[in-house]
Protein chains: 2
Amino acid sequence: MNLKPLSESTEMYLKAMAEMSYQDVVAVGRLAERLGVTAVSANEMMRRLGEQGLVSHTPYKGVNLTKKGREVAGNVIRRQRLWECFLYDHLKIEWSQVYEFACSLEHATAPELTEALAEFLGNPKTCPRGNPIPAADGSFKPLDAIPLSEIKLGQAAHVLAVNATATDVLKYLQEKNILPGRDVTVVEVAPMQGPLTLRVGGKDVALGLPMAEFVLVKII
Amino acid sequence: MNLKPLSESTEMYLKAMAEMSYQDVVAVGRLAERLGVTAVSANEMMRRLGEQGLVSHTPYKGVNLTKKGREVAGNVIRRQRLWECFLYDHLKIEWSQVYEFACSLEHATAPELTEALAEFLGNPKTCPRGNPIPAADGSFKPLDAIPLSEIKLGQAAHVLAVNATATDVLKYLQEKNILPGRDVTVVEVAPMQGPLTLRVGGKDVALGLPMAEFVLVKII
DNA sequence: AAAATTTTTATGGTTGACCTTATTATTCCA
DNA sequence: TGGAATAATAAGGTCAACCATAAAAATTTT
């Protein structure tokens, strides 16, 4: 099916796009931001990925994963999240560092390895950050959840997953106990996109809106 | 200690040098051959590695790992072989494919990961190919063994390790049962660097001299 | 509709690790 | 010792993925 070896860069772009595709068209600028490259570089890359049939780019509108691109991205994310499970459950790596390490390993993982790893782990369904693990054929659907940033004042919610990837962000969330499985209540929303104040486990915690977007919850 | 991130290429060169250093000066040409690059490329790389203080190159004589280079190489090999153990023992990957997969993973492995993996595996002392795993500080010494190619006619030997890395070579050795732990006897040595004929497990097996160099044995 | 902002394209530059094709230097061997 | 083989250097090229700067195009805001 997929004979061409994808570069690390390609994998990072596809992964980022899939993770951002709750909006099903992604602005190239946002993508560049998330990946820490310039908009020019991201545009160049979109051209390359377009030529490979992995993304479709409508100028001035945004980019989309093609069917093929989505399948490839699913596989990349699968590998990544399986490694997260291994690192967390078996190697006892710090929760906040797991993503980062798994990301490197992901790029170095052949399909046979992926499936052997899945088997070894007992085919887990979610990673330690609560995100679902795509199926072996690369298929996946987004979690049925909304970002914490959209929760109304006073409402309580159950944290399903944390979609952040940066280690320092994950570390912060861990310290504040905003983790999959926890319940939080929004006790204050400051004006001007100010921070949310959350009550979690008996303590009040401030959380900036940008960070709150990475926390996926279900209202309870 | 080691703050600079080494490139994948650098790691491959250092690893190859360490694995070839039963002779303690390595001809750049041999190195190029083993790595599948041209002599020119290998020379260029030796200059770069020399500048980084990892190798010392005496023109027309050969290259040597420096103390620092040897330590780094030891760490690279440690990572590699620990992954080999994991892939073979836990993921049940084919013996002949283990090296290849472990090699990719090695490049993506941070020190914290390495030690967590060693712990998980119970600090194994040898990889599935029988090679010793360097210590956490990067130190290692070569196996006390000689290549099968140097065994005299009629002599019996115990296979300690297989130093080959190419999957097809490993596959061949596996099929012929020339594996760590086995005993072999040299029953014929053809002239003109012709193949050895070995008796192993009741069967006669032909083995070319170049391949026999990769089989490390102890006379019994 | 004009102004401001965001996107895209164009052009040219860098880096690392390769490559080829000479040319020069050294070592080995008969 | 003289030629063959091997090793090293020089010069110039490629490729992917970045970068910066600048100009053009489209969209959004006012």
Side-chain angles (χ1 to χ4, degrees), chain A residues 2-17 20 23-64 69 72-73 76 103-104 106-108 193, chain B residues 2-17 20-21 23-64 69 72-73 76 103-104 106-108 193 210:
Chain A
N2 271 315
L3 308 160
K4 333 89 210 181
L6 301 171
S7 73
E8 237 167 87
S9 260
T10 299
E11 293 187 340
M12 292 304 284
Y13 275 91
L14 294 180
K15 206 197 293 179
M17 287 179 67
M20 292 170 80
Q23 332 147 73
D24 63 357
V25 78
V26 177
V28 179
R30 293 319 104 240
L31 190 58
E33 220 167 69
R34 176 163 180 142
L35 292 168
V37 298
T38 61
V40 176
S41 297
N43 257 285
E44 272 174 5
M45 194 57 161
M46 288 307 105
R47 186 183 40 70
R48 279 193 288 267
L49 296 185
E51 282 163 6
Q52 292 177 254
L54 295 167
V55 312
S56 79
H57 182 189
T58 316
Y60 298 102
K61 282 265 306 182
V63 277
N64 250 334
V72 174
V76 172
C103 184
S104 316
E106 175 270 299
H107 300 303
Q193 306 164 73
Chain B
N2 270 315
L3 306 160
K4 333 88 210 183
L6 301 172
S7 73
E8 235 166 88
S9 262
T10 299
E11 294 187 340
M12 292 304 285
Y13 275 91
L14 295 180
K15 204 196 296 178
M17 285 178 68
M20 291 170 80
S21 67
Q23 332 149 71
D24 64 356
V25 79
V26 177
V28 180
R30 293 317 105 244
L31 191 58
E33 218 168 70
R34 176 165 180 140
L35 291 167
V37 299
T38 62
V40 176
S41 296
N43 257 287
E44 272 175 6
M45 193 58 161
M46 287 308 105
R47 187 184 38 72
R48 279 193 288 267
L49 295 184
E51 280 163 10
Q52 291 178 257
L54 295 168
V55 311
S56 80
H57 182 189
T58 316
Y60 299 102
K61 281 266 306 181
V63 278
N64 249 335
V72 174
V76 172
C103 183
S104 317
E106 174 270 299
H107 300 302
Q193 305 164 75

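Protein chains get the first letters and strands the later ones, always in sequence-line order, with residue 1 at the start of each.
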Is any side-chain N or O of [X] closer than 4.0 Å to OP1 or OP2 of [N]?
X      : N       : result
S7(B)  : dG16(C) : no
T38(A) : dC18(D) : no
H57(A) : dT8(C)  : yes
S9(B)  : dG16(C) : no

May I have the distance from [X] (atom [atom1]) to [N] (atom [atom2]), rounded to whole angstrom?
X      : N       : atom1 : atom2 : value
E8(A)  : dC18(D) : CD    : C1'   : 14 Å
L31(A) : dA17(D) : CG    : P     : 14 Å
R47(B) : dA11(D) : CZ    : C1'   : 13 Å
E11(A) : dA16(D) : CD    : C1'   : 15 Å
M46(B) : dA8(D)  : CE    : C1'   : 13 Å
L14(A) : dA17(D) : CG    : C1'   : 15 Å
M45(B) : dA7(D)  : CE    : C1'   : 19 Å
N43(B) : dT23(C) : CG    : C1'   : 14 Å

Is there side-chain contact between V37(B) and Y13(B), with heavy atoms separated by less than 4.5 Å?
yes

Any salt bridge linking R48(B) with E51(B)? Criterion: basic side-chain nitrogen under 4.0 Å from a carboxylate oxygen.
no

Among the candidates [options], find the nucleotide nearest to the side-chain atoms of [X].
X      : options                   : answer
S41(B) : dT7(C), dA8(D), dC18(C)   : dC18(C)
V40(A) : dG12(D), dT9(C), dC18(D)  : dT9(C)
E44(A) : dC19(D), dT7(C), dC19(C)  : dC19(D)
Y60(B) : dT26(C), dA17(C), dA17(D) : dT26(C)

Select base, sugar-phosphate, or nothing to describe what V28(A) touches, counting heavy atoms under 4.0 Å on all strands.
sugar-phosphate

Pick the closest DNA chain D nucleotide for K61(B) and for R48(A) by heavy atoms, then say which residue is nearer the 5' end.
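Here K61(B) is the residue nearer the 5' end.
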
If you take all heavy atoms of L35(B) and M12(B), which pair is closest and at what distance?
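So the two residues come closest at CD2-O, 3.7 Å.
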
Measure across L14(A) and A73(A) and return the closest heavy-atom pair with its distance rounded to 0.1 Å.
O-CB, 3.8 Å

Give the C-alpha distance, both sets of side-chain angles, the deciding distance and a yes or no for side-chain contact (heavy atoms from CB on, under 4.5 Å) between L31(B) and M45(B).
CA-CA 11 Å; L31(B) 191 58; M45(B) 193 58 161; over 6 Å; no

